[in-house]
Amino acid sequence: VQLQASGGGLVQAGGSLRLSCAASGRTVSMYYMAWFRQAPGQARERVSGINWSGSSTYYADSVKGRFTISRDNAQNTMYLQMNSLKPEDTAVYYCAAATVPVVHDVRSYGYWGQGTQVTVSS
């Protein structure tokens, strides 16, 4: 499975971005997928996650009410709509697919995209 993240960029505080994660090589429709982010000097954190059907989602407290995760299994693509962005959202964002069903553990994710930079200016 190859994951390709895109959609990052530079935006002012309060603005919006939509990240996409396109999968190829194998269908990811049965995988739990997630978005992580990593700021300089900080650990990689799970921002949001979604199960295979989209019926169950997870959001970190820091992004609840601002970010929305979704997936289109027919298109083998996952999205992260980010609204009301804050400077503290600045990080490299990674998409990932879990290969072990312990989805809160970063070590459970066997497939990773290359990351896309999100920079929010104040």
For Y79, the side chain to side chain donor-acceptor pair (under 3.5 Å) test, sequence neighbours excluded, returns none
Is there a path from Y32 to V47 through hydrophobic residues (I, L, V, M, F, W, Y) whose side chains come within less than 4.5 Å of each other? no
Write out all pairs satisfying disulfide bond (SG atoms under 2.5 Å apart) with one or both partners inside residues 33-66, taking only residues at least two apart or from two chains. none
Ionic contact status for K64 with D61, cut-off 4.0 Å: yes
Could you list the residues that satisfy salt bridge (charged side-chain N to carboxylate O under 4.0 Å, His left out) with E88, not counting sequence neighbours? none
Disulfide bond (SG atoms under 2.5 Å apart): which pairs involve residues 64-122, sequence neighbours left out? C21-C95
Residue set satisfying ring pair (Phe, Tyr, Trp, His ring centres under 6.0 Å) with Y109, at least two apart, ordered chain then number -> F36
For the student: nearest non-hydrogen atoms of A98 and V103, plus distance: CB-CG1, 4.4 Å
How about H104 and R46: do any of their side-chain heavy atoms sit closer than 4.5 Å? yes
Please determine whether residues W112 and M78 belong to a single hydrophobic cluster, defined as Ile, Leu, Val, Met, Phe, Trp and Tyr linked transitively by side-chain heavy-atom distances below 4.5 Å. no
Enter the distance from Q2:CD to S24:OG here, rounded to the nearest 0.5 Å. 4.5 Å
Under a 4.5 Å cut-off applied to non-hydrogen side-chain atoms, are S48 and L80 in contact? yes
Applying side-chain contact (heavy atoms from CB on, under 4.5 Å) to T57 and F67, what does each step give before you reach the verdict? CA-CA 11 Å; T57 57; F67 290 12; over 6 Å; no
Can you tell me how far apart OH (Y93) and CD (Q38) are? Round to the nearest 0.5 Å. 12.0 Å
Working to the nearest 0.5 angstrom, can you tell me the gap between N73 CG and S53 OG? 8.5 Å
Which heavy atom of Q75 sits nearest a heavy atom of T77, and at what distance? O-OG1, 2.9 Å
If hydrophobic clusters are built by linking Ile, Leu, Val, Met, Phe, Trp and Tyr wherever their side-chain heavy atoms come under 4.5 Å apart, do I50 and M82 end up in the same one? yes
Which heavy atom of M33 sits nearest to which heavy atom of I69, and what is that distance? O-CD1, 4.4 Å
Both conditions, 6.0 Å and 45 degrees, for the charged tip of R37 above the ring of Y94: are they met here? no
Would you kindly confirm whether V106 and Y58 end up in one hydrophobic cluster when ILVMFWY residues are joined by side chain heavy atoms under 4.5 Å apart? yes
Given side chains that start at C-beta, do those of T116 and L19 come closer than 4.5 Å, heavy atoms only? yes
Is the cationic atom of R71 (NZ for Lys, CZ for Arg) positioned less than 6.0 Å from the six-membered ring centroid of W52 and within 45 degrees of its normal? no
What pairs of donor and acceptor atoms, side-chain ones from residues 3-17 against any protein atom, are under 3.5 angstrom apart with sequence neighbours left out?
residue, atom, partner, partner atom, Å
S16, OG, N83, OD1, 2.9

I'd like to know if the side chain of D89 and the backbone of K86 have a donor-acceptor N/O pair within less than 3.5 Å. yes
